[in-house]
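Please read the structure below before turning to the comments.
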Amino acid sequence: MKSHCLPRRLNPRLTFDSLGVETVAIDRYEQAPAMQAAHRSYTIDMTDAAAVRDVVEREDPALIVPEIEAIATDELERLEEEGYDVVPTARATRLTMDREWIREFAAEEVGVPTSEYAFADSYEAYREAVSNIEIPLVVKPTMSSSGKGQSVVEDADDIDAAWETARAGSRSDTGRVIVEDLVDFESEFTLLTVRHDGGTTFCPPVGHTQQGGDYRTSWQPHDLTDEQLSAAQQMAREVTDGLGGHGIFGVEFFVRDGEILFSELSPRPHDTGLVTLAAQRYTQFDLHLRAILGLPIPDVGVERPGASTALVAEEPLDSPGFTGIGAALSTPETHLRLFGKPESYAGRRMGVAVATATDTDTARGRTTDAIDKVDIVDDSERGHLADR
């Protein structure tokens with residue numbers, strides 16, 4: 001079987017290869033992480049419909065697996081109509097990149113509780129939304145990823161800057177933004193939800209922290225009451241059933257005053273789910289692969305409490321290298337995954353530390369200790385992994 005992977009974070013061949021699946025990686029830049037392990041690769045503008053179609057027709061894949069939001073989704077829908085299998089569906093890929101659609105679908109069609117929100121496509125409408133919801137609040141583009149364009153308005157001086165930031169960070173040309181009540185939550189978590197031939201399976205909940213809307217740390221399991229977990233599972237089932245298809249979905253929630261609030265959803269392996277590389281026998285990538293290939297989904301549980309912490313660049317580097325690897329790996333029960341990205345910029349995730357322990361607090365401490373020992377440096381002179 002041949003599968004296209006439109007990658008975002010980890011290479012596809014780690015799990016696909018073990019089942020004899022040929023992978024073709026596509027990304028917008030040379031030497032993207034998945035390209036370093038795929039059987040073949042292409043570098044294209046993935047928002048260019050003609051370029052996407054050209055590669056698909058050339059390779060004729062059994063599966064098209066989008067792993068990034070910036071794709072010509074309308075073209076994927078046309079390809080799906082012609083008989084290509086898009087994971088989970090082309091419609092899900094298009095709709096979940098639009099915060100307006102997914103929020104209205106979840107809150108108004110499915111009826112799950114969410115924070116207060118409003119949409120605006122003009123400055124006047126934006127100011128009205130801010131006035132109605134009231135400060136403090138969060139402003140985001142309706143189409144973006146990894147926290148791009150997101151900011152918090154904590155006083156009146158932040159209002160205009162948040163509008164400009166959201167418009168600049170949008171992946172669409174509409175400039176449309178969502179204004180949300182800033183939830184004063186006790187915690188936030190992801191419920192990795194697997195839709196497959198046998199039904200729907202849930203991974204144990206993954207607690208996480210974010211910075212500017214972008215993942216920084218996660219741990220598994222995350223403590224919830226039986227009632228809270230049941231409510232989250234019901235919401236996740238209803239929302240993902242509305243999208244259809246097979247594969248893993250990252251469904252995000254807040255806990256506020258003991259109540260579960262739906263936040264967002266991604267129709268693919270989730271950043272916060274990197275903790276499953278340590279905590280689960282079957283990672284989120286294993287489960288995604290099994291689901292989209294129509295293979296049985298095993299019982300999913302936490303083998304040992306785990307955590308993850310992202311390695312984040314602080315500056316742009318054309319040839320990033322790493323120091324402190326040996327010191328980081330001296331941390332008990334800890335592993336590093338360096339993503340192999342050919343360049344860095346401020347805020348870009350370049351790797352992750354994952355660890356296990358007898359409890360999540362200890363595991364979290366191990367991952368932060370490991371990351372604190374790693375520095376991202378200019379390696380242009382040596383041109384190889386730096387740990388000397």
Side-chain angles (χ1 to χ4, degrees), residues 3-18 21-46 55 65-71 145-146 148 214-218 268-278 283-286 288-289 308-329 331 334-355 367 370-388:
S3 172
H4 275 74
C5 180
L6 308 185
R8 183 179 182 189
R9 47 186 76 81
L10 294 180
N11 75 66
R13 198 166 170 180
L14 294 175
T15 50
F16 275 96
D17 225 24
S18 63
V21 178
E22 181 182 3
T23 56
V24 181
I26 306 169
D27 214 321
R28 61 180 175 79
Y29 61 92
E30 296 284 351
Q31 288 301 303
M35 293 179 178
Q36 299 169 32
H39 294 87
R40 290 185 304 287
S41 64
Y42 295 85
T43 303
I44 65 170
D45 176 358
M46 290 189 294
V55 173
V65 189
E67 274 293 309
I68 192 170
E69 289 84 357
I71 303 175
S145 64
S146 300
K148 293 181 177 65
D214 205 9
Y215 146 81
R216 288 295 181 265
T217 68
S218 64
R268 59 184 66 91
H270 202 262
D271 294 331
T272 63
L274 289 169
V275 66
T276 65
L277 293 168
T283 73
Q284 64 171 349
F285 305 104
D286 296 321
H288 192 50
L289 173 61
S308 75
T309 296
L311 175 63
V312 181
E314 297 181 354
E315 61 179 335
L317 293 171
D318 291 334
S319 182
F322 306 88
T323 62
I325 301 300
L329 291 177
T331 310
T334 300
H335 302 276
L336 287 176
R337 300 294 181 97
L338 303 178
F339 297 160
K341 295 177 179 178
E343 61 183 23
S344 69
Y345 51 78
R348 191 176 201 188
R349 292 192 301 269
M350 303 298 291
V352 65
V354 294
T367 61
I371 289 298
D372 286 346
K373 294 171 182 174
V374 179
D375 288 315
I376 304 172
V377 299
D378 184 355
D379 202 35
S380 57
E381 294 185 2
R382 286 176 290 181
H384 58 78
L385 183 72
D387 192 32
R388 300 290 186 269

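For this chain, numbers begin at 1 and follow the sequence in order.
Under the side-chain hydrogen bond (donor to acceptor under 3.5 Å, both in side chains) criterion, T272 pairs with T190, H270, sequence neighbours left out. In terms of the salt bridge (charged side-chain N to carboxylate O under 4.0 Å, His left out) criterion, residue partners of R216 (sequence neighbours excluded) are, by chain and number, D214.
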Worked check of side-chain contact (heavy atoms from CB on, under 4.5 Å) between I371 and K373
CA-CA 5 Å; I371 289 298; K373 294 171 182 174; over 6 Å; no

After noting the C-alpha distance and the side-chain angles of L311 and L338, does the key distance pass the side-chain contact (heavy atoms from CB on, under 4.5 Å) rule?
CA-CA 8 Å; L311 175 63; L338 303 178; 3.9 Å; yes

Go through the steps to decide whether V312 and M350 satisfy the test side-chain contact (heavy atoms from CB on, under 4.5 Å), and finish with yes or no.
CA-CA 6 Å; V312 181; M350 303 298 291; over 6 Å; no

Criterion side-chain contact (heavy atoms from CB on, under 4.5 Å) on L329 and T334, from CA distance to verdict:
CA-CA 6 Å; L329 291 177; T334 300; 5.6 Å; no

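Here the closest non-hydrogen pair linking A328 and A370 is CB-O, 3.4 Å. In terms of heavy-atom proximity, H288 sits nearest to R268 at CE1-CA, 4.5 Å.
We find the CG-CG distance between D378 and L317 to be 5.5 Å, quoted to the nearest 0.5 Å.
Side-chain contact check for S308 and T367: no donor-acceptor pair (N or O, by modelled atom type) lies under 3.5 Å.
The cationic atom of R348 (NZ for Lys, CZ for Arg) does not lie both less than 6.0 Å from the six-membered ring centre of Y215 and within 45° of the ring axis.
With hydrogens and angles disregarded, no donor-acceptor distance shorter than 3.5 Å links the side chain of E343 to the backbone of P320. Although no hydrogens or angles enter the test, the distance criterion places a donor-acceptor pair under 3.5 Å between the side chain of H39 and the main chain of T23. K341 places a side-chain N or O within donor-acceptor distance of the main-chain N or O of R349, the cut-off being under 3.5 Å. Under the 3.5 Å distance criterion, the side-chain polar atoms of S41 are left unmatched by any main-chain donor or acceptor of V24. In this structure a side-chain-to-backbone donor-acceptor pair under 3.5 Å is present from T276 to Q284.
Within the 4.5 Å cutoff, side-chain heavy atoms of E67 are placed close to those of P269. Within the 4.5 Å cutoff, side-chain heavy atoms of L274 are placed close to those of F285. Side-chain contact between V55 and I26 is present, with at least one heavy-atom pair separated by less than 4.5 Å. Under the 4.5 Å side-chain criterion, counting only non-hydrogen atoms from C-beta, D45 is not in contact with R28. Contact of the L336 side chain with the V374 side chain is registered, since non-hydrogen atoms from C-beta on lie closer than 4.5 Å. Side-chain atoms of M35 and R40, non-hydrogen and from C-beta on, never get closer than 4.5 Å to each other. Looking at heavy atoms from C-beta onward, T43 lies out of side-chain contact with D27 at the 4.5 angstrom threshold.
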